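Accompanying notes for the structure given below.
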Amino acid sequence: MSSAAAPAGTGPRSVVVFSHRAEVRDAVRTAVGTHPAADVGPVRYLECATGAEVVAAVDGGGVDLCILDGEAQPTGGMGIGRQLKHEITDCPPVLVLIARQADRWLAHWSMAEATLAHPVDPLVAPEVVADLLRTHAGRPAVHG
């Protein structure tokens, strides 16, 4: 079953935040906030502590963005991002949290649309998230 992502202004945007560490998920939510930009509307977070939870959430449809911890254990966000991109025909954008700027090439390999360095900068994160949500506005998830 697939459900369409909500276009801007019609309801909360669904953002998956994945990390095995609750403090990382909390840092992302705090940095991005519930209204990253006026034109994308509010966001609601679905926190995932395992890769299986992320895959199930995206497979269920209605996810507008995935923010994945590249340093998560035992499965990192880059591997999960790449898996999603291969399994979901119209996968939502993926943003990977990286520990070092040198890890950007790995995020590129994972097919992520964007990266943010950890710790997450609250001056940069809302803009990056809003840009990604704009690109996905109104696109339904199609499962392959």
Side-chain angles (χ1 to χ4, degrees), residues 1-88 90-137 139-141 143:
M1 167 170 69
S2 123
S3 62
T10 64
R13 309 300 293 279
S14 179
V15 177
V16 166
V17 179
F18 162 69
S19 179
H20 73 287
R21 296 174 29 209
E23 62 270 20
V24 171
R25 297 189 308 266
D26 185 53
V28 169
R29 285 186 293 99
T30 300
V32 175
T34 57
H35 289 81
D39 65 320
V40 297
V43 297
R44 70 176 168 80
Y45 294 100
L46 173 59
E47 293 189 34
C48 297
T50 69
E53 291 174 356
V54 175
V55 172
V58 175
D59 193 45
V63 172
D64 297 292
L65 173 65
C66 295
I67 302 175
L68 309 175
D69 180 1
E71 302 294 315
Q73 297 295 324
T75 306
M78 291 186 217
I80 294 169
R82 187 169 174 90
Q83 177 183 351
L84 292 172
K85 294 295 184 176
H86 283 283
E87 293 179 0
I88 306 294
D90 193 17
C91 185
V94 171
L95 183 157
V96 175
L97 302 175
I98 56 175
R100 303 172 311 261
Q101 290 301 323
D103 290 336
R104 283 179 172 233
W105 75 272
L106 284 170
H108 177 73
W109 168 85
S110 75
M111 304 169 79
E113 282 80 2
T115 60
L116 283 174
H118 188 76
V120 182
D121 184 340
L123 299 176
V124 175
E127 181 179 341
V128 173
V129 166
D131 285 346
L132 291 171
L133 289 171
R134 287 181 195 108
T135 67
H136 191 65
R139 290 174 36 201
H143 307 288

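By convention here, the first residue in the shown sequence is residue 1. Quantities reported herein were computed from a predicted structural model and do not represent experimental measurements.
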Using side-chain contact (heavy atoms from CB on, under 4.5 Å), reason through M111 and H86 one step at a time and then give a plain yes or no. CA-CA 9 Å; M111 304 169 79; H86 283 283; 3.8 Å; yes
For a side-chain contact (heavy atoms from CB on, under 4.5 Å) check, start with the C-alpha distance between T75 and Q83, then their side-chain angles and the critical distance, and finish with the verdict. CA-CA 11 Å; T75 306; Q83 177 183 351; over 6 Å; no
Does Y45 offer a backbone N or O that forms a donor-acceptor pair with the side chain of R29 under 3.5 Å? no
Is a side-chain donor or acceptor of R82 paired with a backbone partner of W109 at a separation under 3.5 angstrom? yes
Between K85 and E113, does at least one N-O distance fall below 4.0 Å, as a salt bridge requires? yes
Using modelled atom types and a 3.5 Å cut-off, is there a donor and acceptor pairing between side-chain atoms of D69 and backbone atoms of F18? no
A57 and L46 have their tightest heavy-atom pair at CB-CD2, 3.4 Å
Shortest non-hydrogen pair, M78 vs I98, comes out as CE-CG2, 3.9 Å
Mind checking the CG-OG1 spacing from L95 to T115? Nearest 0.5 Å is all I need. 7.0 Å
Give a yes or no on whether the backbone of L97 and the side-chain of H118 come within a donor-acceptor separation of less than 3.5 Å. no
Closest heavy-atom contact between A125 and A31? CB-CB, 4.2 Å
Whether T30 side chain and A27 backbone form a donor-acceptor pair below 3.5 Å: no
How close do V94 and L65 get, heavy atom to heavy atom, and via which atoms? N-CD1, 4.5 Å
